[in-house]
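Here is the structure we will look at, set down as structure tokens.
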Amino acid sequence: MAINASEFLKALEEIEAQKGISKETTLQALKEAMERGFRKQLGGDDALVKVEIDPEKGIIEMAQIKKVVKEVEDDFLEIGLEEAQEIDPKYQEGDDFIIPASVEDLKKATALSVKSVLRQKFADAEKAILYDAFKDKINTMITGKVEKVDERGATVNIGRTSVFLPRNQMIGDERFQAGDYIKLFVSDVDGGSKGGAHIVVSRSNEGFLRCLFNEEIHEIYDGTIVIKAIAREAGERSKVAVYSPDPNIDPAGACIGPNGSRIQKIVGQLGNGQAKEKIDIIGYSENAGLYIMEALKPARVVGISFDEEAKTATAIVKDDSLSLAIGKKGVNARLAVRLTGYKIDIKTETEAYEEGFAFQSYEELAAQEIENKERAIMEARAAAYENNAPSVLPGLPEGYVAPQQRVYEDESNVELNEALEEASEKEEIAAPAKEEKVSIEQKPVVEEKEEVVNEVKEVKTTTSLEDLEKSLAQEANKQKAKSSQKGNRRKKKEEEEEEESVSPVGTTGPRMSIYTEEELREMEEEEAQEGQDEEEDVDYDEYDDYYDDDDR
């Protein structure tokens with residue numbers, strides 16, 4: 001059968017533009033629909049038929065197929081070899097015998113059947129397309145335009161298709177009008193439903209509130225703050241537990257914002273009903289007791305007793321906070337139970353004391369929490385210190401050594417001398433350093449020093465005035481000789497320093513002094529002491545008194 005090719009192609013393009021179904025998909029659907037209708041017209045679903053469509057030429061070919069056999073067992077599916085060869089001698093046993101047919105031969109009932117099948121094929125194609133388009137949007141927010149509103153809910157157009165928002169999935173007593181743009185949370189996409197893909201949307205779902213927090217609070221969007229749990233009764237109250245791995249960030253304060261600006265933006269999007277939904281921002285804690293006490297806000301909880309294994313807890317509240325802890329119609333207590341996963345009983349402070357009920361106070365739990373955090377910080381620092389090695393620290397160049405593990409070696413005489421000078425200021429370091437640097441020329445000086453000490457001791461034991469005078473005279477002569485010797489040494493040192501300042505030709509650098517800095521300093525101290533000893537007057541009255549005592 002020949003058809004208008006241009007109009008046929010134009011129809012295919014319109015279907016593709018309106019429904020998003022490609023030309024190939026449409027042609028395949030049309031072919032399968034015609035085959036099913038033609039098979040039904042022949043009177044058997046097992047009949048072999050063939051339909052070929054050429055959109056470029058505008059030709060549709062239809063035919064029934066029978067198998068060529070020697071002996072016919074089912075004339076609906078088979079044809080005898082002799083009969084086939086009578087029509088065309090080319091047929092052999094096992095060939096397909098083609099019986100051409102025309103689209104015009106299709107009955108009206110068959111045409112209606114083709115139309116119904118084609119509609120179903122289009123619906124299946126749309127379903128597959130919608131499923132592919134929305135399967136990645138599960139647990140996300142989309143925006144749609146309200147098309148129709150009734151007592152059951154609202155029909156919302158979301159682009160390629162429309163979805164139905166039931167009344168029980170709306171927020172409180174909110175109302176919409178046709179033409180309103182609203183936000184929807186995609187909670188599920190069912191690709192196996194009859195009549196097309198079924199997209200489940202909601203505004204009362206907890207995920208809707210989570211998406212609003214992601215949109216309005218950038219710390220949650222970038223992961224600085226994490227939403228640990230949400231418990232919600234849409235239109236009444238919601239509780240959101242937040243946590244930050246950064247100890248310098250207050251997660252609850254960041255979500256509330258300055259003067260409550262951030263949380264008010266979120267509340268403003270929770271329906272247009274008369275009663276606004278309230279949101280409690282809860283600081284999440286690993287300590288179950290503190291977490292439950294926070295979850296019961298705005299009630300003032302003074303203490304708690306809980307069992308982590310049994311997941312049960314008894315909260316002690318101020319006498320005037322019992323109604324707040326329970327909430328309107330029990331909503332606050334229910335949300336706290338859903339948020340924490342604990343079965344919570346509530347007692348007033350007076351009841352607890354009268355019953356002798358034992359519980360932990362908020363202050364005690366807070367102190368434990370601080371202690372645990374400090375311990376965790378210290379353990380983390382200790383682990384980081386122990387692992388501070390090139391093979392452990394990531395991102396460091398190969399061969400890197402931590403500062404506390406580095407060993408510095410002096411490579412120049414200048415650095416060595418500076419280290420020795422600093423060491424000489426401490427007794428325990430100065431003595432060994434001096435012994436290593438003592439030269440041969442120092443030994444006479446040390447011996448002379450010891451000799452003087454011995455001579456002084458002998459003076460104290462002198463029993464004759466004449467011997468004492470001789471001793472003093474000898475000591476004075478020695479001191480003069482020593483002073484002269486020191487002067488010669490100093491003069492020699494100055495000459496050597498002058499020679500060092502102007503190096504003769506052929507030398508490679510300054511000459512090394514034969515005296516260390518320590519020795520020169522001792523020389524100066526001895527000269528100063530000798531000058532003082534020469535100026536002191538000898539008191540002979542001491543000796544007169546001594547002899548007077550002997551005469552007596």
Side-chain angles (χ1 to χ4, degrees), residues 168-174 203-210 213 227-243 251-253 255-256 260 263-264 266-267 270-271 273-366 369:
N168 61 1
Q169 294 300 317
M170 295 184 184
I171 301 173
D173 58 350
E174 66 181 354
R203 284 173 57 84
S204 64
N205 192 288
E206 294 171 356
F208 182 79
L209 187 58
R210 184 185 294 270
F213 270 83
I227 297 178
K228 284 288 188 177
I230 296 178
R232 185 183 186 203
E233 290 195 6
E236 295 290 337
R237 182 181 290 273
S238 294
K239 291 183 181 289
V240 182
V242 293
Y243 167 80
C255 292
I256 295 172
I263 198 66
Q264 288 303 322
I266 296 174
V267 172
L270 297 179
Q274 294 181 354
K276 284 293 183 181
E277 183 175 333
K278 298 178 179 64
I279 300 178
D280 297 330
I281 305 298
I282 306 301
Y284 176 80
S285 174
E286 294 289 345
N287 187 310
L290 288 176
Y291 187 31
I292 295 170
M293 295 171 81
E294 286 287 321
L296 285 171
K297 285 184 175 180
R300 292 183 296 168
V301 184
V302 297
I304 193 169
S305 174
F306 61 96
D307 186 343
E308 292 191 43
E309 293 184 0
K311 292 290 183 180
T312 59
T314 301
I316 312 303
V317 301
K318 289 286 186 180
D319 291 1
D320 58 353
S321 292
L322 180 60
S323 59
L324 284 175
I326 297 174
K328 184 180 179 181
K329 298 180 181 179
V331 64
N332 195 67
R334 287 198 304 273
L335 291 177
V337 169
R338 286 160 53 186
L339 189 73
T340 61
Y342 277 72
K343 181 181 178 182
I344 304 173
D345 291 332
I346 302 174
K347 291 180 180 291
T348 63
E349 196 172 12
T350 301
E351 290 174 346
Y353 284 125
E354 289 177 352
E355 297 174 4
F357 188 79
F359 61 88
Q360 290 180 287
S361 68
Y362 178 84
E363 290 74 14
E364 292 172 348
L365 291 173
E369 182 79 354

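- Contact between Ala295 and Ala336 at its shortest, heavy atoms only, is O-CB, 3.8 Å.
- Side chains of Leu209 and Ile279 form a contact here, defined as non-hydrogen atoms less than 4.5 Å apart.
- The CD atom of Glu349 sits 8.5 Å away from atom CD1 of Ile316, with the distance rounded to the nearest 0.5 Å.
- A donor-acceptor pair under 3.5 Å is absent between the side-chain atoms of Lys276 and the main chain of Leu270, judged by distance alone.
- Remark: the Ser285 side chain and the Glu294 side chain contain no N/O donor-acceptor pair separated by less than 3.5 Å.
- Separating the OG1 atom in Thr312 from the NZ atom in Lys343 is a distance of 8.5 Å, to the nearest 0.5 Å.
- Between Phe306 and Asn287 the shortest side-chain heavy-atom distance falls below 4.5 Å.
- Under 4.0 Å is where a charged nitrogen must lie from a carboxylate oxygen, and between Arg338 and Glu206 at least one such pair does.
- The OG1 atom of Thr340 sits 14.5 Å away from the NZ atom of Lys228 when rounded to the nearest 0.5 Å.
- Here the shortest heavy-atom pairing between Ser204 and Ala234 reads CB-CB, 3.5 Å.
- Residues Glu286 and Tyr291 form no side-chain contact, since every pair of their non-hydrogen atoms from C-beta on lies 4.5 Å or further apart.
- Here OH of Tyr284 is found 10.0 Å from CG of Leu339. Values are rounded to the nearest 0.5 Å.
- In this structure, the side chains of Asp320 and Arg300 come closer than 4.5 Å at one or more pairs of heavy atoms.
- Across all non-hydrogen atoms, the minimal contact from Phe359 to Ala352 is CE2-CB, 4.2 Å.
- Around the OH atom of Tyr362, the shell of radius 6.0 Å holds no more than 12 heavy atoms that belong to other residues, nucleotides or ligands.
- No side-chain heavy atom of Leu324 sits under 4.5 Å from any side-chain heavy atom of Asn332.
- When side chains are defined from C-beta on, Phe208 counts as touching Ile171, because their heavy atoms get closer than 4.5 Å.
- By the 4.5 Å heavy-atom criterion applied to side chains, Asp280 and Pro298 are counted as neighbours.
- Rounding to the nearest 0.5 Å gives a distance of 14.0 Å between NZ of Lys347 and OH of Tyr353.
- The side-chain contact (heavy atoms from CB on, under 4.5 Å) with Arg237 is formed by just one residue from the set Arg334, Arg232, Lys278, Lys328; it is Lys278.
- Considering all non-hydrogen atoms of both residues, Glu277 and Val267 come closest at O-CG1, 3.6 Å.
- Within a 6.0 Å sphere centred on NZ of Lys318, heavy atoms belonging to other residues, nucleotides or ligands number 12 at most.
- Without hydrogens or angle criteria, Lys311 side chain to Gly341 main chain gives no donor-acceptor distance under 3.5 Å.
- The local environment of CZ in Phe357 is crowded, with over 12 non-hydrogen atoms from other residues, nucleotides or ligands closer than 6.0 Å.
- The line from CD of Glu355 to OG1 of Thr350 is 11.0 Å long, rounded to the nearest 0.5 Å.
- A salt bridge is absent between Lys329 and Glu236; no separation between the charged side-chain nitrogens and carboxylate oxygens falls under 4.0 Å.
- Within the 4.5 Å cutoff, side-chain heavy atoms of Ile263 are placed close to those of Phe213.
- One N or O on the side chain of Ser361 and one on the backbone of Glu364 form a donor-acceptor pair closer than 3.5 Å.
- The shortest non-hydrogen separation linking Ile304 to Ala315 is CG1-CA, 4.2 Å.
- Val337 pairs with exactly one of Leu296, Ile292, Ile344 by the side-chain contact (heavy atoms from CB on, under 4.5 Å) rule, that one being Ile344.
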